[in-house]
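All remarks here apply to the structure that follows.
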Protein chains: 8
Amino acid sequence: MDPLVSIIMGSTSDLPVMEKAADILNDFEVPFEVIALSAHRTPEEVERFSREAQGKGIKVIIAGAGMAAHLPGVIAAQTTLPVIGVPVKASLEGWDSILSILQMPPGIPVATVGLNAARNAGLLAIQLLALSDTGLQDKLTRFKEDLKKKVISANQELTSIKKYPFKTN
Amino acid sequence: MDPLVSIIMGSTSDLPVMEKAADILNDFEVPFEVIALSAHRTPEEVERFSREAQGKGIKVIIAGAGMAAHLPGVIAAQTTLPVIGVPVKASLEGWDSILSILQMPPGIPVATVGLNAARNAGLLAIQLLALSDTGLQDKLTRFKEDLKKKVISANQELTSIKKYPFKTN
Amino acid sequence: MDPLVSIIMGSTSDLPVMEKAADILNDFEVPFEVIALSAHRTPEEVERFSREAQGKGIKVIIAGAGMAAHLPGVIAAQTTLPVIGVPVKASLEGWDSILSILQMPPGIPVATVGLNAARNAGLLAIQLLALSDTGLQDKLTRFKEDLKKKVISANQELTSIKKYPFKTN
Amino acid sequence: MDPLVSIIMGSTSDLPVMEKAADILNDFEVPFEVIALSAHRTPEEVERFSREAQGKGIKVIIAGAGMAAHLPGVIAAQTTLPVIGVPVKASLEGWDSILSILQMPPGIPVATVGLNAARNAGLLAIQLLALSDTGLQDKLTRFKEDLKKKVISANQELTSIKKYPFKTN
Amino acid sequence: MDPLVSIIMGSTSDLPVMEKAADILNDFEVPFEVIALSAHRTPEEVERFSREAQGKGIKVIIAGAGMAAHLPGVIAAQTTLPVIGVPVKASLEGWDSILSILQMPPGIPVATVGLNAARNAGLLAIQLLALSDTGLQDKLTRFKEDLKKKVISANQELTSIKKYPFKTN
Amino acid sequence: MDPLVSIIMGSTSDLPVMEKAADILNDFEVPFEVIALSAHRTPEEVERFSREAQGKGIKVIIAGAGMAAHLPGVIAAQTTLPVIGVPVKASLEGWDSILSILQMPPGIPVATVGLNAARNAGLLAIQLLALSDTGLQDKLTRFKEDLKKKVISANQELTSIKKYPFKTN
Amino acid sequence: MDPLVSIIMGSTSDLPVMEKAADILNDFEVPFEVIALSAHRTPEEVERFSREAQGKGIKVIIAGAGMAAHLPGVIAAQTTLPVIGVPVKASLEGWDSILSILQMPPGIPVATVGLNAARNAGLLAIQLLALSDTGLQDKLTRFKEDLKKKVISANQELTSIKKYPFKTN
Amino acid sequence: MDPLVSIIMGSTSDLPVMEKAADILNDFEVPFEVIALSAHRTPEEVERFSREAQGKGIKVIIAGAGMAAHLPGVIAAQTTLPVIGVPVKASLEGWDSILSILQMPPGIPVATVGLNAARNAGLLAIQLLALSDTGLQDKLTRFKEDLKKKVISANQELTSIKKYPFKTN
């Protein structure tokens with residue numbers, strides 16, 4: 001089983017955030033790998049990974065980093081695979097990582113998700129893979145249905161609140 | 001007893017903030033309902049609710065959401081009832097929800113209150129209803145008097161501080 | 001004809017923004033007055049106006065101000081009528097007026113609209129008045145229909161773009 | 001020729017930004033459509049479009065909006081296709097549109113690009129399509145080569161600066 | 001002993017911040033009063049206080065408030081006494097109170113100190129009083145000397161650090 | 001005639017902002033001096049000025065600067081006279097100068113006014129001087145009356161707007 | 001004559017800002033080179049340059065970039081030479097470039113100067129070189145003297161203002 | 001052994017941040033001193049230190065401060081030695097100290113590192129010293145190698161995660 005998605009992080013301190021991407025990929029039964037690479041400490045390894053990813057069958061790269069978060073952009077510079085960037089909150093409420101990932105210059109896009117939103121990054125990767133995988137497409141449709149069901153159960157919880165005489169539902 | 005106000009939230013995680021709207025409506029004896037609806041997970045239900053609210057006697061809608069908080073605006077797009085938006089602090093100190101609710105485009109206003117200010121949202125709903133309900137109007141007048149009394153009791157507390165020889169009151 | 005809405009501004013320098021509220025109220029044939037009052041330069045007049053507004057038939061107050069924009073909040077402190085606040089951009093990209101109007105303390109809500117969004121403030125006032133005026137309600141419904149038509153004409157404009165060989169519509 | 005990419009904008013005022021997405025798609029000979037849809041003014045049309053897009057062969061949706069920019073998120077809520085969001089600068093230096101698009105809640109990702117970066121949105125769409133189109137893949141590789149050549153010509157320009165006696169290149 | 005300085009706060013929740021102003025005034029043996037007044041809940045009392053302060057011998061007013069902090073500005077509007085504003089951090093990291101106090105419109109200045117900096121507000125009041133009180137002036141001079149001594153003792157602490165072989169002092 | 005107020009600026013590029021302080025002092029017939037001093041380029045001169053100001057009869061110092069605006073704080077460090085700081089907008093919308101002046105550490109307050117608000121700085125200086133000068137006090141009272149009159153004339157201007165059939169005043 | 005300083009920029013659009021570094025280096029007669037390198041478009045060239053710089057005699061690298069400005073950090077990752085980063089204002093008032101350069105992770109510092117402050121970057125490079133070059137040291141001392149003289153001439157300009165009867169100098 | 005680097009802080013409350021600079025200098029066996037100096041409380045001592053530093057053999061100055069952090073800039077104003085500024089987070093999430101240090105006016109650069117990044121400040125000082133010290137240069141090269149090794153061990157940790165059936169590495 002070859003991986004379709006690479007989850008990249010600069011250090012294991014980002015793991016508590018980035019493992020949510022692994023969780024959702026695993027739930028959807030999408031094979032993936034998890035690698036530590038640092039734009040600043042292992043630039044050659046980043047370059048080698050970026051150039052070889054497509055050849056070994058990777059379809060999407062998810063890269064997370066905090067502070068001056070160069071990793072997603074530096075990978076995107078060296079591959080034509082889509083790169084999903086996850087700003088990790090590490091300093092300044094996360095503004096530094098958001099802007100370092102989002103505001104890429106013309107020609108080198110990074111598909112940025114919200115702060116610490118590694119789970120959404122995993123879902124976005126699945127959406128990309130589902131473009132050519134009807135099995136994944138079906139799972140996504142069921143996933144959306146499940147999201148709705150959570151709202152229904154939330155409504156049951158809200159309806160069960162009985163402490164307000166003037167609450168009518 | 002039919003509800004006059006709908007309190008809408010995206011998930012029960014917003015309940016600790018949004019129940020302050022329920023508290024004040026209940027104190028003023030205004031009938032209300034509490035519903036979970038998500039602009040992103042149950043868009044059809046949001047649409048159905050928005051279109052039917054006026055017909056079932058709702059006068060004001062209070063909608064709270066965090067992050068990219070689309071719920072108040074999406075409801076406002078589909079009703080001519082006034083919609084009060086409550087930015088809920090969930091990420092980025094709340095700036096994302098404030099701007100996602102406040103900065104609505106021309107033609108679709110949302111009456112935005114402060115961050116996490118669901119109690120003020122409830123009061124604003126009461127002010128709207130009081131335009132055609134003199135009983136509510138009287139209660140609001142008494143409520144404002146009570147606010148003053150809290151300042152008076154605060155003054156008593158401040159006057160009772162005796163540790164400063166150079167404090168004159 | 002007695003006014004139902006008061007449009008308040010601190011100085012005539014706010015008129016280019018605030019007159020958009022007058023425009024939409026006039027379009028909806030809602031009688032209104034336009035008054036200059038300053039929380040900081042004419043506090044007694046603000047107080048008198050706020051206390052007398054309801055008695056003379058005003059239903060909604062729209063107040064706009066820039067910088068440390070205290071006017072909407074100071075009016076709201078002295079009336080139980082709903083007050084719609086319009087942050088006017090005058091310094092610091094408008095952040096000062098947004099926060100000075102939006103972040104009112106508990107007990108004194110201001111229904112805040114977006115930066116310079118006086119037209120939305122006017123619309124919100126109309127939505128409040130329409131709660132007890134079916135004629136206004138009908139006009140609002142037609143107004144929403146007209147908003148849709150603008151999108152249709154926008155689509156015609158986009159369809160008419162012919163410079164792209166690979167554009168399919 | 002059926003479109004593979006939909007470029008969506010709320011009004012033609014966003015066209016000067018969004019047409020850069022059309023430019024790059026056209027350059028890569030990717031068939032696309034350009035549609036005006038408003039999350040707030042035509043919610044039913046947004047819903048219909050979102051549900052029908054996949055069935056008619058669309059693979060990627062690019063949606064741009066300014067201010068409280070709900071359009072990309074509202075579309076993403078109603079399709080499993082990947083949605084690329086373009087924050088358009090219209091107020092508050094663009095912070096409102098960035099946060100309204102980027103900070104989507106769990107379960108509904110939007111692939112956000114930089115402020116006004118519609119060209120990068122188009123490129124990202126091409127990168128997704130190239131996952132299953134080797135012709136596009138080759139074009140992307142050449143495109144990256146061309147980016148390098150611009151840096152080479154920039155160097156020639158810098159080398160030609162002769163006004164500094166102490167400049168050595 | 002009549003008070004020379006009034007310390008005003010909107011509620012006793014601001015006391016932990018504002019009492020630092022009382023501490024320093026007491027240390028300098030400047031008589032002062034501490035009063036709760038709310039721009040929004042007791043506007044008439046604010047007006048009466050502001051108009052009577054000068055007549056009863058007050059020289060400087062220190063006013064602290066959080067969120068949309070109108071209190072210092074509203075007082076300044078109704079007196080010609082200098083008003084020192086203390087932004088109290090209560091929401092949004094304190095940005096709302098800073099901007100609501102600092103960005104006063106032309107004609108009504110408030111002497112703003114840093115976030116939660118009530119002690120500095122007290123010192124500034126003492127500096128104003130010292131303009132016509134040589135006793136206070138002497139105390140201020142000694143106070144500045146004491147500030148220096150703290151730096152000297154800090155140096156002794158730093159010199160005593162012995163864990164670094166390559167530290168030379 | 002000895003000056004009572006020193007207006008200090010780092011360079012003549014700040015003159016268009018800072019001369020508004022001179023204008024208002026001159027209007028109130030308060031003698032003042034205008035001096036260029038730079039915390040970074042002429043630190044010794046700043047020190048000499050700060051130490052000698054009180055001895056030569058100066059009562060208040062107004063200091064304006066932009067960017068990392070150290071001048072007001074550096075002066076305040078070396079005198080016990082009250083220092084009024086004027087943040088001058090030169091970069092980053094003025095946030096750098098606001099924070100560099102406002103957020104002084106404990107023990108060294110600077111009375112900060114709004115961005116570019118040199119006129120308010122001048123007025124604040126006059127308010128301080130008026131504490132011991134009844135002539136100035138009378139002028140301030142008349143000044144406040146004049147502020148009100150401007151609102152009255154603004155009202156006349158607003159009343160004269162006749163283009164709205166539904167405007168009632 | 002071999003260069004001691006490399007001035008690097010991503011594209012010639014940064015030249016109007018970055019040439020101020022060249023100006024000051026040239027004034028101090030420090031040999032330098034000017035090169036275009038892009039972290040995202042020519043990553044291999046950045047790597048080659050960074051690794052070879054020290055060997056060819058470069059002592060300091062000045063790198064400027066806008067938006068998600070990765071260039072200074074990516075160079076710093078691959079050399080032990082000091083790298084001075086110049087945030088160039090290109091979007092979002094420059095906050096993106098400031099944070100992308102300043103907030104480097106542990107182990108890879110970039111010496112950041114202010115927004116668009118290429119001249120200061122050049123001066124900082126000269127200060128580093130002067131550590132082992134007494135000729136440069138003397139020039140720096142004279143440069144600081146000249147800075148003072150500009151303040152003196154500013155004072156003459158301020159003294160020459162004669163329009164204020166109450167101006168005393 | 002004479003110190004080559006001075007680590008300056010305003011008070012011992014900055015020690016937990018600033019001692020990371022001492023740690024790394026000590027690790028590299030660079031002699032240093034640690035001194036408390038306050039721009040606001042001991043301006044004369046700052047001046048004396050700044051003027052004498054070069055004469056006593058100091059090559060680089062590291063200065064850290066919080067809030068309106070004038071210390072690095074005030075030192076830089078009075079020496080031609082390179083000054084590395086460390087913004088210390090003490091209020092407002094650290095924005096005040098970042099801007100007060102980074103945004104120095106033309107002519108007086110401060111080499112700013114990230115928020116609380118005293119360790120990077122120490123490393124930057126070592127990089128400067130290594131320009132004329134091949135022993136230090138070798139240590140820096142080994143230090144960079146060690147940074148890479150941490151990434152390798154992070155990879156081992158990531159590879160050892162076995163809870164995901166669809167994880168392939």
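Heavy atoms only: backbone and side chains are in, while hydrogens, waters and symmetry mates are out. A note on names: the letters A, B, ... follow the listed sequences, proteins ahead of strands, and every chain is numbered from 1.
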Which portion of [X] sits near chain B, non-hydrogen atoms under 4.5 angstrom:
X       : answer
E:Leu15 : side chain
E:Val5  : neither
E:Met9  : side chain
E:Asp27 : neither
E:Glu19 : both

Within the side chain of E:Ser11, is there an N or O that forms a donor-acceptor pair under 3.5 Å with the backbone of E:Ser13?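 Yes, E:Ser11 side chain to E:Ser13 backbone: donor-acceptor pair under 3.5 Å.
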Among the listed options B:Ile161, B:Thr159, B:Leu158, the residue most often paired with chain E at heavy-atom distances under 4.5 Å: B:Leu158
Once rounded to the nearest 0.5 Å, what's the spacing between atom CD1 of B:Ile126 and atom CZ of B:Phe32?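 Interatomic distance, B:Ile126 CD1 to B:Phe32 CZ, rounded to 0.5 Å: 10.0 Å.
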Minimum heavy-atom distance between [X] and [Y], given as atom pair plus value:
X        : Y        : result
E:Ala130 : E:Leu140 : CB-CD1, 3.7 Å
B:Met1   : B:Pro31  : CG-CB, 3.6 Å
B:Ala63  : B:Pro72  : O-CG, 3.5 Å
E:Ile62  : E:Met18  : CG2-CE, 3.8 Å

With a 4.0 Å cut-off on N to O distance, would you call [X] and [Y] a salt bridge?
X       : Y       : answer
B:Glu47 : B:Arg51 : yes
E:Arg48 : E:Glu44 : no
B:Lys20 : B:Asp23 : no

Examine whether an atom of B:Ile152 lies under 4.5 Å from a heavy atom of chain E, and if so say whether it belongs to the side chain, the backbone or both; otherwise answer neither. neither
Considering heavy atoms only, which positions within residues 73-100 of chain E lie below 4.5 Å of chain B? E:Ser91, E:Leu92, E:Glu93, E:Trp95
